[in-house]
Each structure stands twice: as structure tokens, then as C-alpha cells.
Amino acid sequence: MGADGIAERAAVVGVGATPLTRASGRTPLALAAQAARAALDDAGMAADRVDAVLSYHLNDSAPATDLARELGLARLGWHNDMHGGGTQCASVLGDAAMLVATGQAETVLVHRSLNGRSGRRMTGLGLRQGEGVEHQFTLPYGLAGPVAQFALVARRYLHDAGLGERDLAAVVESSRAQAAGNPRALRREPLPWRAYLEEPVIAEPLRRADCCQEADGACALVVTGARRPEAEGAPRIRAVVRGGRPSLSRLDRSPDPGAVFSDEVAPCLYAASGMRPCDVDAAYLYDAYSFLVPRQLADFGLVEPEEMARVLREGGVTAAGAERAGGVPVNPHGGLLSEGYVHGLNNVAEAVRELRGDGAGRIPGASTALCTGFGGAYGSAALLVR
């Protein structure tokens with residue numbers, strides 16, 4: 001979806017979020033309503049302007065119809081609760097932009113809400129019967145949940161790329177350094193090399209610090225037509241792609257265990273947008289695990305593979321060090337590794353803030369932001385432009 005379809009026909013005019021906590025004490029619906037009202041206030045819109053609601057979930061969120069009732073909407077048009085996690089966080093922008101571009105909706109409210117720490121967590125996977133029965137063949141070998149599964153991918157990628165734990169530590173250290181100035185971040189303390197080594201190993205090579213911060217919270221965006229008065233100065237949606245390769249969807253059978261979605265999605269995004277890697281000013285990469293940062297930097301052409309270790313260790317993914325080390329600023333708010341985990345939508349919200357000038361990174365002259373969503377073999381990516 002690019003230049004001939006949605007390009008710059010829709011803009012993100014409002015951003016809202018709840019504080020991120022480890023125990024909200026509230027329902028996902030209450031969190032969703034708070035974030036949605038904040039996004040509408042940010043856009044300068046009343047709730048009755050909303051005529052479409054989009055969300056994504058893993059049976060852990062507030063349905064679109066419940067949120068519409070909570071907000072007091074008199075009428076709800078197009079609405080969709082998409083099953084899925086981080087893979088949806090960038091592509092949901094494409095869904096919203098298509099609704100606007102085709103006239104199906106004028107104002108779309110996008111939200112993600114979950115009690116990801118105190119409620120249903122993703123760190124376990126039980127034996128099942130029926131659907132998912134093949135897990136009985138992988139669980140005995142320790143593949144109990146996402147961390148163990150993606151540790152396989154991390155190990156193979158690090159081996160092929162010639163990277164190691166020093167490089168993973170550099171990613172986490174940079175994330176914490178950038179989160180230090182972000183009051184929303186759950187983890188703001190420094191994590192130097194020696195402290196990183198003291199972090200417990202969850203699934204080799206991934207330590208606790210290499211994994212995102214599970215959190216309770218919600219995030220919401222308001223999308224409307226780029227020519228509407230509210231869109232003055234708001235970031236526009238240039239292109240969005242979603243896809244992957246079925247052959248990579250089972251890690252225990254994958255012909256390329258070190259590959260993830262970005263290998264497939266990156267060239268499609270540049271083709272759809274008519275842009276190149278050199279046009280990207282800031283990258284908001286889905287960093288559920290630290291190894292995904294260098295993997296995506298290479299796939300999206302933002303750092304040459306042979307330069308990766310140097311760029312990471314010289315702080316080339318921080319807003320302050322990127323120019324010196326030849327990198328692109330990555331997640332200048334701390335990302336999912338340090339700010340918290342709202343299934344990636346908080347990264348997209350921060351990209352919007354940065355492009356309009358009130359983000360945590362304060363990147364001078366930033367006019368194009370890359371946002372990505374990860375789901376293993378499948379994922380999505382979007383380019384937002386000022």
C-alpha cells in the first residue's frame with residue numbers, strides 16, 4: 001500500500017496513552033477508554049467524530065464495540081478486532097489509512113489495551129489438544145513460550161552475522177540510556193556491560209535484560225484525512241506493508257532459522273513508498289528482544305552488516321551517537337526493552353510525537369520515521385512523514 005493507494009491521504013492527528021505499570025488494578029476497557037480520550041483531546045476532537053474503531057488483541061483486550069459504548073458513541077461504522085500481537089502494530093495504520101482513503105470512514109480510532117504484566121502473560125505455553133497439538137513435539141525440548149522460541153532465531157542470527165553478547169549488551173545499554181529522559185519508561189537506570197552479565201539467562205543467548213518490559217497499559221491513535229483542518233502539521237502515513245514467508249512460520253522446520261519478517265518486508269516497503277534507506281531519519285523498531293534491533297537495521301539497509309558491531313558498540317543507535325557512528329537513531333524513547341510493552345503501538349505513538357516535535361528523542365530535522373511490527377515469520381512496517 002503505497003504511492004498509488006494510501007500515500008499521504010491519511011494523517012495521525014492524535015496520540016494518547018495511560019501510564020505503564022506492573023499492576024494497573026483496572027480493566028483493559030478502562031485503560032482503553034483513558035488512552036482513547038487522551039488521543040481525542042490531543043487531536044482536538046470530540047468522541048462523536050469517531051466513526052471507525054480498530055484494535056488488535058490476543059484475547060486480552062477491550063473489544064471495539066465495548067470501547068465505543070464506553071465513549072458514548074451514538075453510531076459505530078467500520079470496526080474490527082484483529083487477532084494478533086506485535087505483527088499488527090504497524091499494519092493497523094494501513095488498515096486505518098485504507099478506510100480513510102476509500103471513504104469508509106472519516107475518523108478512525110486505533111487502540112491497544114492489555115494487562116500484560118498483572119493479567120494474561122505471554123511467557124508460558126501449555127500443552128494443548130486439537131489446535132496447536134504439534135506443540136507436544138517441541139515443548140519437551142524447552143520451547144515453552146516466545147522467549148525460548150525466539151532464542152533459537154537469535155542464536156542462529158548472531159552466529160551468521162558474527163555478533164555476540166557484547167553486541168546484545170550494547171543494544172540494551174543504548175535503550176536504557178535513551179529511556180533515562182523518558183518519564184513514561186519503566187526502566188531508566190543505566191545497564192553497563194558488567195551489570196548486563198549479572199542478568200539471569202532466560203533462554204540462551206537471551207538474558208532477562210534482552211527481553212521487553214511486560215506492562216499494564218493502553219495506547220491510542222486518531223487517524224483522519226490529511227486535508228482536514230485537524231491534520232495541519234500532523235505526520236502522514238506514506239506507506240504500509242505487511243507480509244512474510246510461510247516457510248519460516250515453524251521455527252523447528254524453518255529452512256532459514258535466523259530470518260525474521262524484515263527480510264521479506266523491507267524491500268516491499270521501499271518499493272511501495274518510493275523512498276530509500278537514506279531517507280529514514282529515525283527508526284522505531286519492534287524490539288521485543290534485543291537481537292531484533294541489529295537484524296532489522298541490516299534488513300532495512302540502515303547499517304551495513306559488516307559495520308554492525310562497530311555501530312552498536314559506539315552508541316550508533318542512540319540519538320546522540322548515531323551521526324558519529326554512522327547509524328540511525330533507534331527508539332529514542334527506550335523502546336519496548338525499556339519504556340514498556342504495549343505490543344508495539346507505543347513505539348508508533350512515539351514516532352508520531354517525534355515527527356511533530358514533542359517526542360523524547362528531540363532529533364533535529366527528523367521528517368521520516370520507520371515503524372515496524374514483529375511476529376516472527378510475519379510482520380509489518382510503515383513509513384510516516386512530516
Side-chain angles (χ1 to χ4, degrees), residues 86 89-90 154 157 161 163 166-182 184-185 187-188 190-191 196 209-213 260-262 265-266 269 277-305 307-341 344-355 359-374 379-384:
C89 69
Y157 165 65
L163 302 175
R166 276 276 187 183
D167 305 295
L168 296 184
V171 171
V172 179
E173 182 178 4
S174 295
S175 172
R176 295 289 176 83
Q178 300 198 107
N182 178 7
R184 295 185 301 274
R187 302 300 296 268
R188 299 195 291 272
L191 191 73
Y196 173 84
D210 293 306
C211 304
C212 62
Q213 298 297 316
V260 296
F261 77 103
S262 47
V265 164
L269 180 67
C278 62
D279 296 317
V280 176
D281 299 310
Y284 294 81
L285 305 181
Y286 193 90
D287 56 335
Y289 309 106
S290 57
F291 83 94
L292 290 171
V293 171
R295 174 80 232 206
Q296 292 177 79
L297 285 172
D299 286 345
F300 281 99
L302 301 177
V303 176
E304 293 297 327
E307 289 288 300
M308 190 66 69
R310 181 189 65 80
V311 167
L312 294 177
R313 297 183 193 186
E314 292 182 8
V317 297
T318 65
E323 184 175 353
R324 171 179 53 81
V328 170
V330 175
N331 298 341
H333 58 310
L336 311 180
L337 286 170
S338 297
E339 182 182 77
Y341 188 62
L345 198 61
N346 51 317
N347 278 3
V348 178
E350 183 62 22
V352 173
R353 296 188 190 101
E354 188 60 54
L355 290 179
R362 300 291 196 276
I363 302 169
S367 62
T368 302
L370 167 67
C371 304
T372 67
F374 173 68
S380 59
L383 283 170
L384 302 179

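Being a predicted model, the structure only gives us computed values, none of them experimental.
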Looking at H333, E350, E339, which hits side-chain hydrogen bond (donor to acceptor under 3.5 Å, both in side chains) with N182?
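Only one option passes, and that is E339.
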
How many angstroms lie between atom [atom1] of [X] and atom [atom2] of [Y], to the nearest 0.5 angstrom?
X    : Y    : atom1 : atom2 : result
Y341 : C211 : OH    : SG    : 11.0 Å
L285 : N347 : CG    : CG    : 8.0 Å
L191 : S175 : CG    : OG    : 9.5 Å
N331 : Q178 : CG    : CD    : 7.5 Å

Which atom pair, heavy atoms only, marks the closest approach of [X] to [Y]?
X    : Y    : answer
E354 : G361 : OE1-N, 3.1 Å
V303 : G327 : CG2-CA, 4.4 Å
Q213 : L337 : CG-O, 3.2 Å
C89  : G344 : CB-C, 3.7 Å
A170 : L312 : CB-O, 3.6 Å
P277 : G301 : CB-O, 3.4 Å

Please confirm whether the backbone N or O of L292 pairs with a side-chain atom of Q296, one donor and one acceptor, at under 3.5 Å?
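Yes, because the side chain of Q296 sits within donor-acceptor range (under 3.5 Å) of the backbone of L292.
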
